[in-house]
Amino acid sequence: MFRYVLKTLWRHRTRTLLTVTGAAVAMFVFCFVGSVQEGLHRLTTGSDADRNLIVFQENRFCPTSSRLPEDYERVIAEIPGVRDVMPIQVWTNNCRASLDIVVFNGADPKQIQQTRPLKLTSGDWQQFQSTRDAAIVGRNVAQRRGLKVGDQFTIGEISVRVAGVFESNVPSEENLIYTSLQFLQYTRGLDAAGLVTQHEVMLTDTADPDRVASAIDQKLRAGAVATKTRRKGAFQASTLSDLVDLIGFAHWLGYACVALVLSLVATTTVMSVQDRIKEYAVLQTVGVRPLRAMRLVLAESTILCVVGGVAGTALALTALGFGGFAIGAEGATIAFRPSLGLAATGTVVSVVVGVLAGFIPAIQAATVPIVSALRQA
Amino acid sequence: MALVELRGVCKSFRKGDETITPLDEVDLDIEAGDFVSLMGPSGTGKSTLLNLVSGIDRPDAGTIRVAGTEVTKLSRGKLADWRAANLGYIFQTHNLIPVLTAYENVELPTLLLKMTSSQRRQRVELALEAVGLSDRADHYPRQLSGGQEQRVGIARAIVAHPKVVVADEPTGSLDTETSEQVQVLLQRLNKELDITLLMVTHDTDAAKIASRQLVLDRGMFREVGLDETSTVSNA
Ligand SMILES: Nc1ncnc2c1ncn2[C@@H]1O[C@H](COP(=O)(O)OP(=O)(O)OP(=O)(O)O)[C@@H](O)[C@H]1O
Ligand SMILES: [Mg+2]
């Protein structure tokens, strides 16, 4: 009986192809939107976002405008609950929202190796630590800009040599380029000797992040520059707040895509069943049960939806995997990565929508008034 | 007890304000192995009768019993199962599934019954052989002539070895020559495979091949002799 379904779909190849393509495009967009949502979610969850603090100058947002004394490091390190402090100089080519943002983080190379969740996929740490203008590049940036070890990379006033490419289980890290702290401080136009953009604070296992954060701000109130300390996730979300709103809104686009697939496949299936309503009357006369007729129609709509949906999902995940897409603003970035969760969601949504789309035509096929359908010429 | 047994069967249709009652309290018995032809003026309810016997339509009153099963009592799903195992339906226009080959069309009813795939293949091949179309098994309906299509339709109706086969003007859309072939085929199926046949026809020649001739006129069945058949008026 399944052959009958396949042959019916094959007979109307043009219609089948158009429907499958439509479903694929919509599911492609759905997965893209989903990956943006996931990226945003990851930015504000996970131990890196939740257990690390960022100390930033009070009331400043763009990294170029936050200037903290580098030696705040010693003050912060004394506060109970603080395990380690890493002074970071940030430089970005674009303080506004952009799809091709390049963010440099300058910090002590040894400390980077020890504290950041990075794994070099090419190049080596030795080279990075011993050369002044050496940089290690996140996988996403490397993909987007086509960088590999040994390349010279220049943007604005900054010119670095790629000493390594790294991947990370924290996707937003993969949008960064790390250099040594001094290198970035002495970059022309930055004039940041003795100053850094922010301090990243790593906590002991038992410390309460929020309590430590307010202790830091309290203590530095007496210093030259007042600070605002937040969890890293909260810091990034507030930096990206405009984008966060936008992305939050984009999930409606995801729902719209699902609705689109639903109406597309439902339309095609309704047309297909109504064209062949007499065929269903014949099938039932031969002895096909109404429930079985229903299943035949559901199989038809589900095949359309799953073939299109899985193709669209696969394409989206491939594009996400190879594109290294990210959106960023003011030094914080959201990475769009493919994920198993996304693949599963895409597949499940396709199946569910396929079944739903076939529901009404399936009932039409099952309840066809046999005699009057047979009377039709 | 007769194989097919109708008692007090009524069926009426409503068309706007008007109610047409083609079948009003009709009784009928058909014995196993009978080949019954049913003639009568147009619009007297011959097709309606076949639809009731095959359970694709329901009477307003009365009972219909086929091979001991009271079909009027079965649900729609149960009726489908019952048809798959016990009833073959030959349409005037063959009504083959266009996307399936002759073989697959004939195979269809067997897919609804429990049997092994080799049994299934054997049944289909036998049925195609019986209608003389073994060499056309892989052809699609559009690649067959009208007479061949009708023969595939007949093979589909007999493949499950049903107890009763009903045919609604099986030769109605065929030319004289192919019509004769189909008549001979039906007669052979009745004689050689012992299939009980109820055939509606307007064709007096076709009616003559049956073992028993009936006329339905104004809600009444009338038995007619062979020589009388040709005098039956067919409006
Ligand atoms: N679904 C229906 N709705 C309304 N009237 C119907 C319906 N089906 C049949 N009829 C009417 O019932 C009567 C009997 O119809 P039926 O098709 O059984 O006649 P028939 O004897 O087969 O005629 P013919 O020889 O022309 O095929 C006709 O008057 C027809 O108009
Ligand atoms: Mg009729």
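Each chain gets a letter, A, B and so on, in the order its sequence line appears, and its residues count up from 1.
Both the backbone and the side chain of A:V368 come within less than 4.5 Å of a heavy atom in chain B. Contact annotation for B:Q92: neither backbone nor side-chain heavy atoms come within less than 4.5 Å of a heavy atom of chain A. When heavy atoms are compared at a cutoff of 4.5 Å, B:Y140 approaches chain A solely by way of its side chain, counted from C-beta outward. Using a 4.5 Å cut-off between heavy atoms, A:R276 makes no contact with chain B at all. Residue A:A281 does not touch chain B at all, counting heavy-atom pairs closer than 4.5 Å.
Per-residue heavy-atom pair counts under 4.5 Å with chain A were compared for B:D57, B:D81, B:L100, B:N51, and the maximum is reached by B:D81. Of the listed residues (A:T8, A:L291, A:L283, A:I370), the one with the most heavy-atom contacts under 4.5 Å to chain B is A:I370.
Between the side chain of B:S145 and the backbone N or O of B:Q148, at least one donor-acceptor pair lies under 3.5 Å.
The aromatic ring centroids of A:F32 and A:F325 lie less than 6.0 Å from each other. The aromatic ring centroids of A:F2 and A:Y4 lie 6.0 Å or more from each other.
Summarising the local packing, CZ of A:R139 is surrounded by more than 12 heavy atoms from other residues, nucleotides or ligands at distances under 6.0 Å.
Between B:K15 and B:E18 no salt bridge is recorded (no basic side-chain N to carboxylate O distance below 4.0 Å). A salt bridge links B:E104 to A:R3: one of the charged nitrogens lies within less than 4.0 Å of a carboxylate oxygen.
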